[in-house]
There are 2 protein chains.
Amino acid sequence: MKVLSNASNYGLRALLYIVSRKKQGDAYVSLREISEELDISFHFLTKTMQLLTQGDVLVSYRGPNGGIALKRPAEEIMLIEVVKILEGHDFFDTCMLGLEGCDDCNPCPVHHLWKEIKGKVKHDFATTSLAMMGQRIVSENLRLVP
Amino acid sequence: MKVLSNASNYGLRALLYIVSRKKQGDAYVSLREISEELDISFHFLTKTMQLLTQGDVLVSYRGPNGGIALKRPAEEIMLIEVVKILEGHDFFDTCMLGLEGCDDCNPCPVHHLWKEIKGKVKHDFATTSLAMMGQRIVSENLRLVP
DNA sequence: CCGATTTAAGACTATTTTATCTTATTTAAT
DNA sequence: ATTAAATAAGATAAAATAGTCTTAAATCGG
Ligand code: SF4
Ligand code: SF4
């Protein structure tokens, strides 16, 4: 049951790496460091981070000591925003059987079941911030790599 | 948020079509009829149904008036069985960030969140039978096509 | 038996996703 | 100025998914 594309997977892990990184104080974190620490293809990660930069989640800076940084406080960036940028803005509104033009009045057989699940997923992603995750990663020493 | 492959999508819809079909009494339902009624590629559907036949959910019969039929009562076939055959038997045990070797003691940051969602999805699919869906389709006149 | 019907099986093509590679641009330090 | 460090951008390749087409095998009806 794969719900996130690799791009979202990498994107989320990269952001969580930034907010939970041991070595703080740097203005920017380099993509090379992230790709090595998280064992993600450097070039693929680059493209993913570009989307987040264009999507107003990150700022980037070129040149020596450059890299990426959160554009806004980690408290204000919810997981849902990241996923929407990387998967498309209708990601949380699609459906299980992929039929078209449906609503609660014109449902397919699994609609009631799916609506609940979808609602929970969307709610969870909408109420979880990078900051919350980051704190838990540090305090519970959670991992971001296999 | 696409959770099911097209094969599962088509497979579930085809089975639900069979159990809720207006014209009852036929021993077998032809794949041609299903593909036309549900607007699914005939050849693709054929391959999918073959998997379900091999997977003990369907029986098939060749020749005129042939087709496919449920191998067991619709009450005994849960959605989870169908999806497992078409997606792989570990479908409901995979995870969001795709890391390896994790369990509750060695989790990634989204594990607690994902575990709940995954549990609900698995439970829903495990407790919903084709018969239950079929009854609802008929009584509430639900649709299987766009 | 013969021909039509229908699933089975596998080869083939197309599309999307994922990954890699190459070149360009920006910036800092010397 | 020159060089090295770093992201940006786009071309290319590989892999996975989705869909199409062809041929084979089984079955029925006449
Ligand atoms: S009715 Fe609901 S679950 Fe079914 S296809 Fe439409 S949105 Fe998806
Ligand atoms: S800890 Fe849980 S959610 Fe995270 S990668 Fe492992 S199984 Fe998936």
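Computed from a predicted model, the values in this text were never measured in an experiment. Here is the naming used below: chain letters follow the sequence lines, and residue numbers restart at 1 for every chain.
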Taking only N and O in the side chain of [X], is any of them less than 4.0 Å away from OP1 or OP2 of [N]?
{"X": "A:Asn6", "N": "C:dT17", "value": "no"}
{"X": "A:Lys2", "N": "D:dT17", "value": "no"}
{"X": "B:Ser41", "N": "D:dT20", "value": "yes"}
{"X": "A:Asn65", "N": "C:dA28", "value": "no"}

Query raised in the report: Between B:Lys115, B:Lys122, B:Lys118, which is the residue that forms a salt bridge (Lys or Arg N to Asp or Glu O under 4.0 Å) with B:Asp93?
Result: B:Lys122
**Report entry** NZ/NE/NH1/NH2 to OD/OE distance under 4.0 Å, B:Lys23 and B:Glu33
**Finding:**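 Judged by the 4.0 Å cut-off on N to carboxylate O distance, B:Lys23 and B:Glu33 do not form a salt bridge.
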Query - Ion pair check, B:Arg21 and B:Glu37, cut-off under 4.0 Å - result: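 So B:Arg21 does not pair with B:Glu37 through a salt bridge.
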For nucleotides 8-11 of chain D, give me every protein contact, N/O to N/O, under 3.5 Å, one pair per line with atom names.
from: D:dA8; atom 1: OP1; to: A:Ser60; atom 2: OG; distance (Å): 2.6
from: D:dA8; atom 1: O4'; to: A:Arg62; atom 2: NH1; distance (Å): 3.0
from: D:dA9; atom 1: OP2; to: A:Gln54; atom 2: NE2; distance (Å): 3.4

Query raised in the report: Should the heavy atoms of other residues, nucleotides or ligands under 6.0 Å from NE2 of B:His112 be counted, would the total exceed 12?
Result: yes
Query raised in the report: Counting only heavy atoms not in A:Asp39, do more than 12 fall under 6.0 Å of its CG?
Result: no
Query raised in the report: Of the candidate nucleotides D:dT27, C:dT7, C:dA28, which contains the atom at the shortest distance from the side chain of A:Pro64?
Result: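 For A:Pro64, the side-chain atoms sit closest to C:dA28.
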**Report entry** Residue A:Tyr10, side-chain heavy atoms: nucleotide from C:dA19, D:dT7, D:dT20 that is nearest
**Finding:** C:dA19
**Report entry** Point-to-point distance, once rounded to the nearest 0.5 Å, from CE of B:Met132 to CE of B:Met78
**Finding:**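 B:Met132 atom CE to B:Met78 atom CE measures 7.0 Å (nearest 0.5 Å).
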Please state how far atom [atom1] in [X] lies from atom [atom2] in [N], giving the value in whole angstrom units.
{"X": "B:Phe44", "N": "C:dA11", "atom1": "CZ", "atom2": "P", "value": "17 Å"}
{"X": "B:Leu45", "N": "C:dA8", "atom1": "CG", "atom2": "C1'", "value": "13 Å"}
{"X": "A:Glu33", "N": "D:dA6", "atom1": "CD", "atom2": "P", "value": "10 Å"}
{"X": "B:Leu51", "N": "C:dT7", "atom1": "CG", "atom2": "C1'", "value": "14 Å"}
{"X": "B:Asp26", "N": "C:dT6", "atom1": "CG", "atom2": "C1'", "value": "14 Å"}
{"X": "B:Ile40", "N": "D:dT20", "atom1": "CD1", "atom2": "P", "value": "12 Å"}
{"X": "A:Leu4", "N": "C:dT18", "atom1": "CG", "atom2": "P", "value": "10 Å"}
{"X": "B:Tyr28", "N": "D:dT27", "atom1": "OH", "atom2": "C1'", "value": "11 Å"}

Query raised in the report: Looking at residues 84-95 of chain A, who's got a heavy atom less than 4.0 Å off DNA chain D?
Result: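 Contacting residues: none.
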Query raised in the report: According to the interplanar angle, ranging from 0 to 90°, do the rings of B:Tyr61 and B:Tyr28 count as parallel (below 30°), tilted (30 to 60°) or perpendicular (above 60°)?
Result: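 Plane angle under 30°, so parallel.
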Report task. Give the C-alpha distance, both sets of side-chain angles, the deciding distance and a yes or no for side-chain contact (heavy atoms from CB on, under 4.5 Å) between B:Phe92 and B:Val83. Result -> CA-CA 9 Å; B:Phe92 292 95; B:Val83 173; 3.9 Å; yes
Requested in this report: Check A:Leu51, A:Leu12, A:Leu16 against A:Val82 for a side chain to side chain contact (heavy atoms under 4.5 Å, CB included) and give me the one that passes.
Outcome: A:Leu12
